[in-house]
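Report on the structure given below.
We use all heavy atoms of the structure for the numbers below, so side chains are in, but hydrogens, waters and symmetry mates are not. Everything numeric here is computed off the predicted structure, so don't read it as measured data. Each ligand, and each atom within it, is numbered from 1 in the order the structure gives. We count residues from 1, following the sequence as given.
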Amino acid sequence: MAREFSTVGVVGLGTMGAGIVEVFARNGIDVVAVEISEPALERGRATLTASTDRAVAKGKLAAADRDALHERVHFAVGLPALHSVDLVIEAVPEHLDLKQRIFAELDRVCRPEAILATNTSSLSVTEISVATTRPNQVIGIHFFNPAPVMKLVEVVRTVVTSPEVVADVEALCARLGKVDVTINDRAGFIANALLFGYLNHAVAMAESHYAAREDIDAAMKLGCGLPMGPLALMDLIGLDTAYEILDTMYRRGGRDRRHAPVPLLKQMVTAGLLGRKSGRGFYTYERPGSPVVVPDAATPLATESAVAGGARAIYAEVGTGSARSELASPAVVTKVGVVGSGMMATGIIEVFATAGYEVVSVTRGAEKSAAVCEAVKTSLNKGVVRARLTEADREAALGRISWSATLDHLADVDLVVEAVVEELSVKKALFASLDEICKPDVVLATTTSSLPVIDVAMATNRPADVVGLHFFNPAPVMPLVEIVRTIRTSPEATATARAVCAALGKTGVVCGDRSGFIVNALLFPYLNDAVKMLEASYSTADDIDHAMKLGCGYPMGPFELLDVVGLDVALAIQRELYLELREPGFAPAPLLEHLVTAGYLGRKTRRGFRDHSHR
Ligand SMILES: NC(=O)c1ccc[n+]([C@@H]2O[C@H](COP(=O)([O-])OP(=O)(O)OC[C@H]3O[C@@H](n4cnc5c(N)ncnc54)[C@H](O)[C@@H]3O)[C@@H](O)[C@H]2O)c1
């Protein structure tokens, strides 16, 4: 028989604690909610009220249920109020000494049979437990932010946690409607161990002005389908909490430099920019605690400049602190050349033609042109069937495309998009020819996903006009384009690329010319880390996938995604990142290499991390 929990205590009513109180009270459990002072208690009460009022306004909670929920919560200052609860969850700031002091006192005030739980994200539950005389009744119950919404709970057992306590807590999680994964006590558990290297890397990108905050966040949302971008997520977590988690993970997790908090974080915390809770972090919010972002000095002023041929592009480049404005006029683009005959070229031709551009497709021969033409027609037909466009739209789009097997037909285009084979020598030769053929001042774009754009640019005598335009596959569907500017790219070329992306109905994000641009540089190391975690037998592929989907709202778990992307593709990208950055943490996971060597490449070979032969 599982233990009955009729009253629980929650210590600390900040970002997490207030949400945890709501989770229990919503599920019919009485809560004693404890803070350090009256003002802190009031803040916690206000957070709970605001959250439940929002739930009522959204129709997710009946007003009567909200009132009943509030009646179940008893607020108090000081731990002695917890004398008769069955379980306590501590959610105070992420400092070991503070948590140890609190656990020592909880041990004194709580009933001997009470379970003492910590919501720590990164500290050792074992070290916290030894501050009590009952380490076998100490456990980690790690909720995700926002606690009332996220389904996952990581249940963390130490080497001395009693199996009955683990079973009781697992049953409690089920009663709360949560899905639990039970794991051992390791820094960052599953989700944070995979998440925080990525978050820290995104902060480093913002700090170095590699890309603007909006662009980093848009890239991960639109390129990977994540519910929020990494910098917005940092603001939600709280930069002070995130700093402490990274610092602890760095020290406990083998001093992986990717977890050493980026200096900007410490500066922001010191300056009181803690994220949503203080009203300002990477973004500025309506007021402290509000989720509503308001414009600030770093907000792009006029992405509307991106209307083709339109007004001056004026945008402030991020950051935090040193905003730099850039003024440039986009060139007028009406006729576009697309070179190549593969999947990307085909999709890009369709995207431009349906957006109203005149398109010159150049392939290596009439046969190839015929095949591309057929593929574009098939895709446009699908669009008609799915009512995305009319038959007249389709005919108009096809009418805008001319088919050629010679680059000479690109002499009068305003923009060239190259999407030929991913080989530097081929691309360089092509760009040298384009340099000779194209009129001056046109933008020459490469769709490379892995080669340095500057190498391609330097094959021409006009490197200022060369940019990367990294479309995602399938180009007609994916809303994101990474605009890569090299150290030689002119602001005008970048402005033109932005304007064109906007006219295509895509979100163009501007970034520097480094391996993986934004999306792959942030995504693949995380996938590689998941493989390393599996290889270390810390958890199973199923639990890791669950943790990322239910704890962080990812549309797919890392192993599901790896099987879709292809393990060979993931390995190649990871190798490049490792070669460019020489970061030991980026070294490809040996298990990934072995699976590729064994021919287990994912869905395409019917076997990757999972067996797909029966599906
Ligand atoms: N923020 C997140 O996204 C997140 C997610 C999961 C877990 N966690 C973990 O939850 C814990 C709390 O983090 P947070 O982000 O909610 O922090 P927070 O700073 O938002 O809130 C901490 C609260 O604890 C209170 N407090 C401080 N000392 C206290 C004491 N002696 N007695 C009672 N209350 C005290 C503070 O007044 C504050 O309200 C940390 O261990 C953190 O790692 C955080």
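- Looking only at side-chain heavy atoms (C-beta outward), Val519 and Cys224 come within less than 4.5 Å of each other.
- Nearest to atom 12 (C) of ligand 1 by heavy-atom distance, out of Pro39, Gly238, Ala91, Gly551, is Ala91.
- Of the polar atoms of Arg43, none of the N or O atoms is found under 3.5 Å from an N or O of ligand 1, judged by distance alone.
- For ligand 1, the atoms closer than 4.0 angstrom to any heavy atom of Glu94 are 40 (C), 41 (O), 42 (C), 43 (O).
- We find that Arg134 and Asp107 are joined by a salt bridge, their nearest charged nitrogen and carboxylate oxygen being less than 4.0 Å apart.
- Within the 4.0 Å heavy-atom cutoff, Glu244 does not count among the residues contacting ligand 1.
- For Tyr210 and Phe517, the distance between ring centers is not under 6.0 angstrom.
- Of the protein's non-hydrogen atoms, Thr241 OG1, 3.1 Å is the one closest to atom 15 (O) of ligand 1.
- In summary, the atoms of ligand 1 found under 4.0 Å from a heavy atom of Gly12, numbered by their order in the structure, are 24 (O), 25 (C), 34 (N).
- Inclusion of Thr15 in the set of residues having an N or O under 3.5 Å from an N or O of ligand 1 is warranted.
- Counting heavy atoms under 4.0 Å from ligand 1, residue Lys277 touches it through the side chain alone.
- The shortest N/O to N/O separation between Ser121 and ligand 1 falls below 3.5 Å.
- Arg3 and Glu164 are not joined by a salt bridge, as no carboxylate oxygen comes within less than 4.0 angstrom of a charged side-chain nitrogen.
- Comment: Lys266 does not engage Asp247 in a salt bridge, judged by the lack of any side-chain N to carboxylate O separation of less than 4.0 angstrom.
- Heavy-atom separations between Pro93 and ligand 1 include at least one value shorter than 4.0 Å.
- Taking every non-hydrogen atom of Asn145 and a distance limit under 4.0 Å, the qualifying atoms of ligand 1 come out as 1 (N), 2 (C), 3 (O).
- We find that Glu535 and Lys532 are not joined by a salt bridge, their nearest charged nitrogen and carboxylate oxygen being 4.0 Å or further apart.
- In summary, Arg157 and Asp185 do not engage in a salt bridge, as defined by a charged side-chain N under 4.0 Å from a carboxylate O.
- Residue Ile36 touches ligand 1 through backbone and side chain together, judged by heavy-atom distances below 4.0 Å.
- The protein atom (non-hydrogen) at minimum distance from atom 16 (O) of ligand 1 is Met16 N, 2.8 Å.
- Taking a cutoff of 4.0 Å between a charged side-chain nitrogen and a carboxylate oxygen, Asp53 and Lys58 do not qualify as a salt bridge.
- Closest protein heavy atom to atom 10 (O) of ligand 1: Asn119 ND2, 2.9 Å.
- Under 4.0 angstrom from ligand 1, the non-hydrogen atoms of Ile102 all belong to its side chain.
- Remark: Leu236 CG to Lys277 NZ distance equals 10.0 Å, nearest 0.5 Å.
- Using a 4.0 Å cut-off between charged side-chain N and carboxylate O, Asp296 and Arg213 make a salt bridge.
- Atoms of ligand 1 found under 4.0 Å from any heavy atom of Thr120 (numbered from 1 in listed order, with element): 41 (O).
- Ionic pairing of Lys99 and Glu90 is present here: one or more N-O contacts between side-chain nitrogen and carboxylate oxygen are shorter than 4.0 angstrom.
- The nearest protein atom to atom 1 (N) of ligand 1, hydrogens excluded, is given as Ile237 O, 2.9 Å; this is a heavy-atom distance.
- Heavy atoms of Phe144 found under 4.0 angstrom from ligand 1: none, in either backbone or side chain.
- Relative to atom 21 (O) of ligand 1, the option among Ala40, Gly14, Gly78 with the closest non-hydrogen atom is Gly14.
- Where the criterion is an N or O separation shorter than 3.5 Å, residue side chain and backbone included, Leu79 fails it with respect to ligand 1.
- Side-chain contact between Val11 and Ile89: absent, with no pair of heavy atoms (C-beta onward) separated by less than 4.5 Å.
- Closest to atom 26 (N) of ligand 1 among all protein heavy atoms lies Glu35 OE1, 3.7 Å.
- There is no side-chain donor-acceptor pair under 3.5 Å between Glu94 and Thr248.
- Closest protein heavy atom to atom 11 (C) of ligand 1: Val92 O, 3.3 Å.
- Stacking of Arg280 on the aromatic ring of Tyr285 is not recorded, the 6.0 Å distance cut-off and the 45° axial limit not both being met.
- The distance criterion of under 3.5 Å between nitrogen or oxygen atoms is not met by His142 with respect to ligand 1.
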